Amino acid sequence: MRDEGWTGLREIQDAAIRSILGSGNDVIIMAGTASGKTEAAFLPLLTEAAEMTGGGLRLLYISPLKALINDQFRRLEPLCERLGIPITRWHGDAPQGPKTRLLKTPSGVALITPESIEGLLLRRPADAAKLFRGLHGIVVDELHAFLQGPRGLHLACLLRRVDRITSGRPRRVGLSATLGDADAACRWMNAVNPQSVDVLRAPQSGPGVRLQIRGYEEPPEGAGIDEIAENGASDALSQIADHIFLNLRGSNNLAFAASRRTVEALADRLRERSERDNVPEEFFPHHGSLSKELRETLETRLKAGDQPTTAVATTTLELGVDLGSVQSVAQVGAPRSLSGLKQRLGRSGRRGTPAVLRIYVREDHLDPDSDPLDKLRLETVRAVACVQLLQANWVEPSTEDSSLATVALHQTLSLIASQGGVRAPAAHKLLFGRDSYLSFAPTDYADLLRGAGPQGSDLLEQSPDGMLMLGKAGEELVQARDFYAVFKTDEEWRLVSSGRTLGTVPLTNVLGIGSLVGFAGRRWRVETVDDRAKVLDVIPHRSGKLPRFDRPANEQLHDRVTATMLEVLSDHEVPAYLDAGGKQFLLQGRNAFRELGLDRRALIPAARDTHVITWRGTAVNSVLSIVLMSAGLEVAVHDIGVTAVDVTPDQLAAVIHQASDCPPMEDLSDFVAGLRTAKLDDFVDESLLRRMWAARHERYRDDVSHVLEGLRSTTAML
DNA sequence: GACCTGCTGCGGTTTG
């Protein structure tokens with residue numbers, strides 16, 4: 001290691017070496033960027049591997065990104081070479097020659113993606129068996145990326161299938177910068193005995209975070225280009241761009257925004273500004289629609305560190321290759337989750353100096369008839385709430401994923417294809433046995449298989465002796481190149497009104513008949529939902545123009561974030577980290593909170609609608625919206641509650657007083673539409689999907705009952 | 001109205 005200029009082992013590396021060499025336990029190593037956690041895992045694992053006799057692949061390193069595999073390959077290759085251990089990259093773009101050689105004589109280390117493991121198990125089971133037989137350890141990088149979403153369920157299944165090939169269960173080592181929910185991570189690593197997992201945390205490095213929240217107000221609505229030019233005013237994003245230009249230019253930084261559109265708009269304003277001042281360009285956009293070449297050029301430039309560079313990015317830069325030393329992180333728009341915020345902060349790895357975080361908040365211009373939700377200055381309030389939760393070191397726990405049925409079906413198809421056939425009880429035991437991370441009741445599994453059989457979506461057939469086989473549709477599905485990944489790529493829903501196609505929208509959340517969606521500057525009421533054809537039949541809604549509060553749906557808010565927002569509004573202290581604009585927004589929000597009487601009222605009239613303010617997170621609000629829809633109302637969900645359309649508070653109070661507690665989720669699930677959101681859900685029995693939705697949401701039933709009870713007690717006084 | 005992630009095997013030809 002001295003060759004790399006290291007003087008000694010860092011604390012986390014010392015701990016990892018002792019933990020890995022000292023016991024056979026699974027290990028999680030939590031440490032920030034550039035902390036040397038890859039080496040911390042590999043040094044002891046390679047030491048053990050070097051001592052093993054006979055051939056065979058010893059270590060499998062799994063990454064969610066191809067780019068990360070290439071990066072780690074460059075770092076590990078010299079180390080492996082010195083130890084005389086071969087190392088092979090294995091992903092779709094990796095060179096074929098070394099892969100072929102590895103299959104011929106398996107040895108050393110392989111760096112691979114989950115999808116490529118799937119490819120091996122599915123298409124070349126004999127090669128896979130030969131490759132994995134002597135496996136000694138499995139390293140999962142960016143572990144937190146696998147703790148939510150279908151890909152984590154998928155990888156958990158793949159590792160069980162690999163374990164079945166090997167003689168002993170290979171030891172697992174997980175690497176992660178931030179793990180909000182360490183318990184969930186331990187369960188994922190080792191479902192049989194999660195408490196046996198050694199969790200190693202690097203000591204909190206550096207002197208903490210220096211942060212600021214800056215507030216910017218949009219010009220009055222309807223202020224056209226002329227007026228803006230006349231008053232010398234500009235929109236909030238331009239002012240934010242100016243501040244970023246003046247303060248971030250000359251160093252390396254990361255600026256995050258929630259949408260590709262905002263990223264492009266901000267990068268464009270920064271480019272304009274650089275041209276105007278006749279200075280070299282150093283602000284560049286980075287998001288999923290940009291070519292790999294453009295993105296890589298930017299990443300390389302950041303890492304090289306010889307030209308000042310600021311990347312303006314979506315979540316693309318949250319994961320992945322080491323970006324080198326970064327002076328500050330800018331966040332345009334208040335954060336929505338602490339896990340995201342921490343992830344972004346963690347990307348600014350700079351030893352010895354405090355991390356710098358600037359949160360830029362935009363609020364609308366207010367006039368007397370502004371919507372009450374706008375008057376509350378919720379962006380600013382959410383930014384303050386997130387900073388408080390950051391200081392309290394809280395992170396969202398992971399939630400149950402809605403793609404379990406899809407993953408179960410996917411893995412069943414893969415098992416059948418790789419083995420030529422499988423019996424249902426054996427498949428169930430392999431995928432959902434007592435020691436599996438995934439659980440699926442045998443009766444539900446039977447329904448899943450039946451729904452995919454000849455009477456259902458026709459993917460599966462059963463031979464007379466009970467063996468499950470692929471049907472024709474199943475063969476086609478498994479043959480497709482698209483099969484390897486279990487996650488769905490963006491799908492557009494067609495919005496149709498009276499037979500006329502209005503356009504397409506990407507839609508990820510479930511909704512119900514009576515949901516209101518905004519499109520092309522108007523509001524539309526959902527009449528029917530065709531899950532399979534992906535068509536939403538809508539009619540123009542009476543309320544016509546889009547109200548200001550109808551913001552695009554976004555990452556879900558957790559209960560604790562909205563509860564903290566309520567605390568921030570009820571409080572009197574003004575945090576010093578707010579700039580003048582931010583302070584003003586916070587005071588305005590608190591004034592509105594008092595004037596609206598939100599400390600004792602929850603139903604707030606807004607034009608012809610009524611806002612129900614619950615101060616609960618997205619999950620509770622969506623269930624509440626379904627309860628109200630099932631009572632015949634038209635409802636939209638917003639960040640701190642729901643909005644019932646075209647009813648007065650009195651009318652709404654009457655409905656709420658008639659409603660008893662929250663109905664059983666089983667009953668409510670009848671009113672949920674658009675349930676088929678995961679990749680293979682089109683092939684899953686609908687009543688099973690409803691039951692699974694109900695089971696997943698059962699935990700919110702008491703919360704919704706509680707909200708309804710609260711509403712009844714506050715409206716009784718009207 | 002958000003965002004992100006990955007991908008075969010074979011037969012033919014060309015190249016070192």
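Just so it is clear, the model here is predicted, and its values are computed rather than measured. Here is the naming used below: chain letters follow the sequence lines, and residue numbers restart at 1 for every chain.
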With a sphere of 6.0 Å drawn around CZ of A:Arg494, does it hold more than 12 non-hydrogen atoms of other residues, nucleotides or ligands? no
To the nearest Å, how far apart are A:Glu264 CD and B:dA2 C1'? 15 Å
By ring-ring contact (aromatic ring centres under 6.0 Å, His included) - contacts of A:His287 (at least two apart): none
Can you list everything that forms a salt bridge (charged side-chain N to carboxylate O under 4.0 Å, His left out) with A:Lys99? Sequence neighbours excluded, please. none
For A:His91, check ring-ring contact (aromatic ring centres under 6.0 Å, His included) against everything at least two apart and list the hits. none
At 4.0 Å (heavy atoms only), tell me whether A:Asp482 reaches a base, stays on the sugar-phosphate, or touches nothing. base
Assign each of A:Ser259 and A:Pro114 the nucleotide of DNA chain B bearing its closest heavy atom; nearer the 5' end lies the nucleotide of A:Ser259
When rounded to whole Å, the CZ to P distance for the pair A:Arg336 and B:dC4 reads 16 Å
Quickly work out the A:Leu122 CG to B:dC7 P distance and round it to whole Å. 14 Å
Options B:dT8, B:dA2, B:dG6, nucleotide nearest the side-chain atoms of A:Glu115: B:dG6
Touch check for A:Arg123, heavy atoms < 4.0 angstrom, all strands: base, sugar-phosphate only, or nothing? sugar-phosphate
Quick check, does A:Phe487 stack with B:dT5? I mean ring centres under 5.5 Å and planes off by under 30°. yes
Counting only non-hydrogen atoms, which of residues 283-295 of chain A are less than 4.0 Å from DNA chain B? A:His287, A:Gly288, A:Arg295
Could you give me the CA-CA distance, side-chain angles and deciding distance for A:Arg382 and A:Asp639, then say whether salt bridge (Lys or Arg N to Asp or Glu O under 4.0 Å) is met? CA-CA 10 Å; A:Arg382 200 173 76 236; A:Asp639 274 356; 3.6 Å; yes
Would you say the ring centers of A:His154 and A:Phe487 fall short of 6.0 Å from each other? no
Measure the distance from CZ on A:Arg124 to C1' on B:dC7 and round it to the nearest whole Å. 14 Å
Whole Å only: how far is the NZ atom of A:Lys99 from the C1' atom of B:dG9? 11 Å
Kindly point out which of B:dA2, B:dG6, B:dT8 is positioned nearest to the side chain of A:Asn554? B:dA2
Is A:Ser116 near enough to B:dC7 that one of its side-chain N or O atoms lies under 4.0 angstrom from OP1 or OP2? yes
Using OP1 and OP2 only, check whether a side-chain N or O of A:Thr113 sits under 4.0 Å from B:dC7. yes
Look at the side-chain N and O atoms of A:Arg260 and state whether any lies under 4.0 Å from the OP1 or OP2 oxygen of B:dA2. no
Go through B:dT8, B:dT5, B:dA2 for me and flag the one nearest to the A:Arg151 side chain. B:dT5
Only counting residues at least two apart or in another chain, list the ones meeting salt bridge (charged side-chain N to carboxylate O under 4.0 Å, His left out) with A:Asp401. none
Are A:Thr314 and B:dC4 close enough that a side-chain N or O sits under 4.0 Å from OP1 or OP2? yes
The criterion is salt bridge (charged side-chain N to carboxylate O under 4.0 Å, His left out); which residues satisfy it with A:Lys342, sequence neighbours excluded? none
Atom-to-atom span, CD of A:Gln96 to P of B:dT8 - whole angstrom: 8 Å
Expressed as a whole number of angstroms, how long is the span from A:Gln343:CD to B:dC4:C1'? 12 Å
In whole Å, what is the span from the NZ atom of A:Lys488 to the P atom of B:dC3? 15 Å
